[in-house]
Amino acid sequence: MVYAIVKAGGRQEKVSVGTVVVVDRMEGEVGDTVELEPIMLVDGDKITTAADGISAKVTAEIVRDEKGPKISIIKFKNKTGYRKRQGHRQPLTRLKVTGIQ
């Protein structure tokens, strides 16, 4: 079993070939190929880290752009009549890992 830990969108994700992962919005169109930065590579019993110098590449294909769940932001100050409502949906990108070389 070959898998890699990659840095994507400020987080670390465990991926293998065929894995679908959701990360922060990335540049590119649907169908484009992007390269993810591997931090650790596990190939059976052999473990390689970024400190050892990874020569492997992790490639992924952009499946689609999407938005995360809605987050409600409510600000309120007592006795002043100050109320503020705001919403936010994080832009995300869905990736499918196509290869670990």
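Sequential numbering from 1 along the given sequence is applied to the chain's residues.
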Indicate every side-chain donor-acceptor pair of residues 3-22 with a distance under 3.5 Å to a residue at least two apart or in another chain.
unit_1: Arg11; atom_1: NH2; unit_2: Val22; atom_2: O; d: 3.3
unit_1: Ser16; atom_1: OG; unit_2: Thr19; atom_2: OG1; d: 3.1
unit_1: Thr19; atom_1: OG1; unit_2: Ser16; atom_2: N; d: 3.1
unit_1: Thr19; atom_1: OG1; unit_2: Ser16; atom_2: O; d: 2.9

In residues 36-48, what donor-acceptor pairs under 3.5 Å come from side-chain atoms, sequence neighbours left out?
none

Check residues 76-84 and write down every donor-acceptor pair under 3.5 Å in which the side-chain atom is one partner and the other belongs to a residue at least two apart or another chain.
unit_1: Thr80; atom_1: OG1; unit_2: Lys77; atom_2: O; d: 3.3
unit_1: Thr80; atom_1: OG1; unit_2: Tyr82; atom_2: N; d: 3.4

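Pairs engaging residues 23-34 under the side chain to side chain donor-acceptor pair (under 3.5 Å) rule: none recorded [sequence neighbours left out]. Sorted by first and then second residue, the side chain to side chain donor-acceptor pair (under 3.5 Å) pairs involving residues 58-74 (not counting sequence neighbours) are Thr59-Thr98, Arg64-Glu66, Asp65-Thr93, Glu66-Arg94.
A distance-only check finds a donor-acceptor pair linking the side chain of Arg89 to the backbone of Gly68 [under 3.5 Å].
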(Q) Walk me through whether Glu35 and Val58 qualify under side-chain contact (heavy atoms from CB on, under 4.5 Å). (A) CA-CA 6 Å; Glu35 192 170 311; Val58 178; 6.0 Å; no

Q: I would like to know whether Gln90 and His88 meet side chain to side chain donor-acceptor pair (under 3.5 Å); could you show each step before the answer?
A: CA-CA 6 Å; Gln90 184 70 25; His88 175 75; 3.1 Å; yes

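Hydrophobic cluster membership is shared by Ile100 and Val34, with clusters built from Ile, Leu, Val, Met, Phe, Trp and Tyr side chains linked at under 4.5 angstrom.
In terms of heavy-atom proximity, Val63 sits nearest to Leu95 at CG2-C, 4.2 Å.
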